[in-house]
Amino acid sequence: MTAEIVVLPSKRAVADALADRTATALRAALAEKNRVTLCLTGGSTPVPAYQRLATAEGVDWARVHVFWGDERCVPPDHGESNFGMAAHALLVPAGVPETNVHKMPGACPPKEGAAVYEQALEQFFGDDLWFDVLHLGMGDDGHTASLFPGTPALGVTDRRVTTGTAPPSATVRDRLTLTLPTLGRAGLCLIAAAGAGKREAFADVLDAYDGETEAQAEPPPIARVEGTLIWLVDRDLATGLTEDDEEE
Ligand code: 6PG
């Protein structure tokens with residue numbers, strides 16, 4: 001696992017970097033093969049990034065297939081839908097063909113929805129699931145996708161998709177989420193996180209990377225994602241990082 005940390009001046013700069021790095025990676029992948037895959041995240045941080053990505057030069061969206069790392073168990077037109085957010089910010093403005101859009105079935109009962117998406121991934125990838133680009137975010141508690149600390153979903157390793165449960169504070173608690181092993185199957189994983197509210201979680205991530213998670217404590221779920229990771233964080237979140245930390 002490699003984790004590069006890029007500190008940017010603002011939340012807006014994080015979004016711009018997420019969009020620009022994604023476009024660069026998609027263009028490179030499109031130059032190599034006919035069909036490429038992009039797995040989106042939910043949350044608020046990516047919204048301006050997806051709006052910017054929709055107008056990126058040189059991305060042939062007819063050859064880009066779009067997936068999601070997690071979804072709230074709501075219909076696609078619900079205000080909390082990750083699909084709905086991406087459709088508005090990216091899919092419609094970019095003209096991504098509907099046949100390339102592989103949304104999680106949020107409107108199904110959770111267990112059924114997980115089984116349906118498991119099947120959809122199997123049908124598309126067979127045994128070789130691989131995302132050319134994967135987007136992830138991080139919650140203040142260190143969750144990512146809908147893998148929340150201390151929940152059973154974190155321990156699911158024999159499935160690609162499982163159900164998740166957000167804390168009582170969440171507007172929508174029932175979730176669908178890719179499992180940790182599946183989140184590790186990406187050529188490039190871009191993690192976009194911003195704001196002082198995530199400082200503590202990020203410090204726990206760095207401790208986990210350094211093997212310094214306190215005994216009896218669990219590393220944050222995001223710290224358990226394997227692969228080629230590039231963290232895009234803002235100064236508010238990274239306050240107090242040493243030079244060494246930034247060179248991870
Ligand atoms: C979701 C996301 C979730 C998100 C984090 C950060 O469905 O909400 O997949 O993992 O990335 O909660 O969200 P913000 O970008 O809003 O801080």
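Order of appearance sets the numbers: ligands from 1, and atoms from 1 within every ligand.
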Trainee: Check L136 against ligand 1 and report side chain, backbone, both or neither, counting heavy atoms closer than 4.0 Å.
Mentor: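 Contact part for L136 vs ligand 1: neither.
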Trainee: Which residue supplies the protein heavy atom nearest to atom 8 (O) of ligand 1, what is that atom called, and how far is it?
Mentor: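 That would be R72 NH2, 2.7 Å.
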Trainee: I'd like to know if E57 pairs up with R27 as an ion pair, taking the criterion as any Lys NZ or Arg NE/NH1/NH2 lying under 4.0 Å from an Asp or Glu carboxylate oxygen.
Mentor: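 Looking at E57 and R27, the cut-off is not met.
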Trainee: Under a 3.5 Å distance rule, please check whether T24 uses its side chain to pair with a backbone N or O of D20 as donor and acceptor.
Mentor: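 Side chain of T24 to backbone of D20, a donor-acceptor pair under 3.5 Å: yes, one is there.
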Trainee: I need the nearest protein heavy-atom contact for atom 15 (O) of ligand 1: residue, atom name and distance, please.
Mentor: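 I find the closest protein heavy atom is T45 OG1, 2.6 Å.
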Trainee: Considering only the protein, which heavy-atom contact is closest to atom 7 (O) of ligand 1, and what is its distance?
Mentor: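 Result: D70 OD2, 2.8 Å.
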Trainee: Is the backbone N or O of M104 less than 3.5 Å from a side-chain atom of E71, with the two atoms forming a donor-acceptor pair by type?
Mentor: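 No, the answer is negative, given that no donor and acceptor are paired below the 3.5 Å cut-off.
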Trainee: For atom 13 (O) of ligand 1, what is the closest protein heavy atom, and at what distance to 0.1 Å?
Mentor: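 The protein heavy atom lying closest is G43 CA, 3.8 Å.
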Trainee: Look at the side chain of R185 and the backbone N and O of L129, then say whether any donor-acceptor pair between them is shorter than 3.5 Å.
Mentor: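 Present.
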Trainee: Looking only at protein heavy atoms, which one is nearest to atom 6 (C) of ligand 1, and how far off is it?
Mentor: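 Minimum-distance protein heavy atom for atom 6 (C) of ligand 1 reads M138 O, 3.5 Å.
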Trainee: If the contact criterion is a heavy-atom separation under 4.0 Å, does E71 count as touching ligand 1?
Mentor: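 Under 4.0 Å: no for E71.
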Trainee: Closest non-hydrogen protein atom to atom 4 (C) of ligand 1, residue and atom name please, with distance?
Mentor: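 The closest heavy atom on the protein side is G42 O, 4.0 Å.
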Trainee: Does a side-chain N-to-carboxylate-O contact under 4.0 Å join R52 and D16?
Mentor: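 Salt bridge between R52 and D16, a charged N being under 4.0 Å from a carboxylate O: yes.
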Trainee: Looking at T144, T41, V205, which hits side-chain contact (heavy atoms from CB on, under 4.5 Å) with M138?
Mentor: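 Of all the options given, the one that passes is V205.
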Trainee: Of the choices G139, A145, G137, which has the non-hydrogen atom that lies closest to atom 3 (C) of ligand 1?
Mentor: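 Result: the heavy atom closest to atom 3 (C) of ligand 1 is in A145.
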Trainee: Counting heavy atoms only, which of H143, K198, K11, E80 comes nearest to atom 12 (O) of ligand 1?
Mentor: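 Considering heavy atoms of H143, K198, K11, E80, the nearest to atom 12 (O) of ligand 1 sits in H143.
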Trainee: Under a 3.5 Å threshold, yes or no: a donor from one side chain and an acceptor from the other, between D70 and S146?
Mentor: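 Checked: D70/S146 side chains pair up, N/O donor to acceptor below 3.5 Å.
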